[in-house]
Amino acid sequence: MNHEFSEKTGHKLMRVVMITLALSAMAALMFNFVLPDISKTFGLTNAQVSWVTSSYALIYGLGTIIYGNLADRYQLKHLLTIGLILFAIGSLVGFSSQGYWMVILGRCLQAAGAAAIPAVAMVIPVLYFPPERRGIASGTAFVGLSIGTALGPVLSSFIVGVAHWRFLFLFPLLLLLTLPFYRKYLVGERQGGTNGFDWLGGSLLAATVTQILLGVTGGTWWLILLGLMTLLLFVIRIRIATKPFVQPQLFTKQYSMRLVIAFLVSGIGFSLYFLTPLLLADVQKLPSSWIGYAMVPAAVASALLGKWGGRLADTRGSTSLFSLASGSLFLCFLLLSTFTGASPLYIAVFLILGNVGQTFMMIAISQSLSQSLPKEQAGVGMGFLTMLNFIGGGFAAGVYGKVVDIGSEVHWNPVNTNPNGITFSNVFLVLALLHVGLLAFYYFQFARHKQDQGKPRFYKKGGETI
């Protein structure tokens, strides 16, 4: 594929990806704020109604790696077409639901379709941009996620305020409007569909993720052990299969270490979306209707600065962006630990540092990881990154929930004197220190590797600087 044409097309595609990710992020978040209404409609317990979000997250996480695998075999526009049609069917099923099982079915179909979006969004920068330009492409994608995160709670409150919660299923149908643009611009792709798909390997991986997540969130240790057993079977399968779900050669030391860091970063960053609302409700006594608005400025700041972060990764290198992001997150967690009893306005300002830092960090990791992958394994390679982001968040939610339930009576941060926020203060202090350790590990592991720097390389050709 001609490089100039490829990158020009890539910029058009990334603008469409940004809109698609914004809409899909809204669709994922909208139902978090109407679970009490759904529970009242069908007479459900909190545990039962939580499957509206849990089922979506589980299928979405598994779907990203499956679509990523398929992206190495089939054309992206065909995968997106199938995904968006599935999403639309799920939206219509949910909107017409007369029983709770139809709501769950609708959300599952939505997740099965929406999982194609991040998988394709991760692959496009690898296929259409040279390594030294992938940072700004990834930044564009994260801008879309930030916009969706900012607008999702607000739009959800508005729709529920003027109509029934079932109308939340209809808004994501706007995703279908992006399909003609993907069909137009995703041209000239290689067709790799001759290789078979390892359904057994994929099933073992799905079983592993499901069992470990359910075990962690439910505190069922035998499920975690069973998940580790199926993980071992998955490793054996990809080593003996003729056409494995993923080539074992993909898991080099450098690639595997980046995945571990991505898992830890996602788990730590999830505290911003899980613990902060609890802090605002339990300590600041902020009404639930205002909690979403308190988190909007941080999401808006991430959207505005996302492309700048991507540009910084391209010009200064992913290590520099990772360092800046880690410093921003460290400061955010330290401030949250110290001022847990401060006004919600201050908390909203602290979250700007955290959300922008988390966005920059994911851009740095995405760019760094993409540069270590051959194009023929870009789909499944980036798919594992997306899946581990999901697993990290799910694992962290279980841990944070347990810690908050247990509570604490000992201050670890001597500067914090608010007796109502001891547990939150201690957790945020630990997360701040973890980021110091992560930064040191990342620097010594990758900073001296030139391929990780993401800097443009210049050389002379015929007297002209290239």
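Counting only distance, with no hydrogens or angles, the side chain of T178 and the backbone of L175 share a donor-acceptor pair below 3.5 Å. Although no hydrogens or angles enter the test, the distance criterion places a donor-acceptor pair under 3.5 Å between the side chain of Q284 and the main chain of T340.
When every heavy atom of I65 is checked against every heavy atom of M387, the shortest pair comes out as CG2-SD, 3.7 Å. Annotation for L21 and A121: closest pair CD1-CB, 4.1 Å, computed over non-hydrogen atoms. The two residues I347 and L280 come nearest to each other via the heavy atoms CG2-CD2, 3.9 Å. Residues V283 and G421 come closest through the heavy atom pair CG2-CA, 4.0 Å. For A262 against L385, the heavy-atom pair with the smallest separation is CB-CD1, 3.4 Å. The nearest pair of heavy atoms linking L388 to F263 is O-CD1, 3.9 Å.
In this structure, the side chains of L223 and W221 stay at 4.5 Å or more apart for every pair of heavy atoms. Under the 4.5 Å side-chain criterion, counting only non-hydrogen atoms from C-beta, L76 is in contact with I124. Side-chain contact between L80 and Y67: absent, with no pair of heavy atoms (C-beta onward) separated by less than 4.5 Å. Residues I268 and L329 have side chains not in contact (no heavy-atom distance under 4.5 Å, counting atoms from C-beta outward). Between M257 and F441 there is a side-chain heavy-atom pair separated by less than 4.5 Å. When side chains are defined from C-beta on, F384 counts as touching L205, because their heavy atoms get closer than 4.5 Å. Within the 4.5 Å cutoff, no side-chain heavy atoms of L23 are placed close to those of P172. Using a 4.5 Å cut-off on side-chain heavy atoms (C-beta onward), F360 and S328 make no contact.
Between the CG atom in L200 and the CG atom in L204 there is a gap of 4.5 Å [rounded to 0.5 Å]. Considering CG of L434 and CG of L439, their distance stands at 12.5 Å, rounded to 0.5 Å. To the nearest 0.5 Å, the span separating CG on L259 from CG on L369 amounts to 5.5 Å. From I261, atom CD1 reaches atom OG of S256 across 11.0 Å, with rounding to the nearest 0.5 Å. With rounding to the nearest 0.5 Å, the separation of CG in L335 from CZ in F330 is 9.5 Å. Rounding to the nearest 0.5 Å places CG of L438 at 5.5 Å from CZ of F322.
Under the ring-ring contact (aromatic ring centres under 6.0 Å, His included) criterion, Y255 pairs with F251, not counting sequence neighbours. Residues satisfying the ring-ring contact (aromatic ring centres under 6.0 Å, His included) test with H411, not counting sequence neighbours, are none. Residues that satisfy the side chain to side chain donor-acceptor pair (under 3.5 Å) test with N413, not counting sequence neighbours, are S337, T338.
Tested against L275, the residues V427, L336, V403 include a single side chain to side chain contact (heavy atoms under 4.5 Å, CB included) partner, V427. Here the options are T20, L13, I19, the test is side chain to side chain contact (heavy atoms under 4.5 Å, CB included), and the partner is V16; only T20 passes.
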- Message: Please evaluate residues S24 and F87 with respect to the criterion side-chain contact (heavy atoms from CB on, under 4.5 Å), reporting the C-alpha separation (whole Å), side-chain torsions for both, the decisive distance (0.1 Å), and the verdict.
- Response: CA-CA 10 Å; S24 65; F87 194 97; 5.6 Å; no
- Query: Run the side-chain contact (heavy atoms from CB on, under 4.5 Å) check on H435 and M361 step by step: do they pass?
  - Reply: CA-CA 11 Å; H435 261 294; M361 187 157 283; 3.6 Å; yes
- Task: Please assess L433 against F333 for the test side-chain contact (heavy atoms from CB on, under 4.5 Å), listing each intermediate value before the final yes or no.
- Result: CA-CA 9 Å; L433 295 177; F333 288 131; over 6 Å; no
- Message: Between I104 and Y56, is the side-chain contact (heavy atoms from CB on, under 4.5 Å) condition met? List the steps.
- Response: CA-CA 8 Å; I104 295 298; Y56 186 96; over 6 Å; no
Please tabulate, one pair per line, all N/O donor-acceptor pairs under 3.5 Å involving side-chain atoms of residues 295-309, not counting sequence neighbours.
from: S302; atom 1: OG; to: A298; atom 2: O; distance (Å): 3.1
from: S302; atom 1: OG; to: N355; atom 2: O; distance (Å): 3.2
from: S302; atom 1: OG; to: V356; atom 2: N; distance (Å): 3.4

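Listed by first then second residue, pairs satisfying side chain to side chain donor-acceptor pair (under 3.5 Å) with a partner in residues 226-236 read T208-T230, Q211-T230, not counting sequence neighbours. Applying the salt bridge (Lys or Arg N to Asp or Glu O under 4.0 Å) test to pairs two or more places apart or on separate chains, those with a residue in residues 220-240 are D198-R237.
Judged purely by distance below 3.5 Å, without hydrogens or angles, the side chains of S326 and Y442 never pair a donor atom with an acceptor atom. Between the side chains of T140 and R15, no donor-acceptor pair of N or O atoms lies under 3.5 Å.
Taking the centre of each ring, H11 and F129 come in below the 6.0 Å mark.
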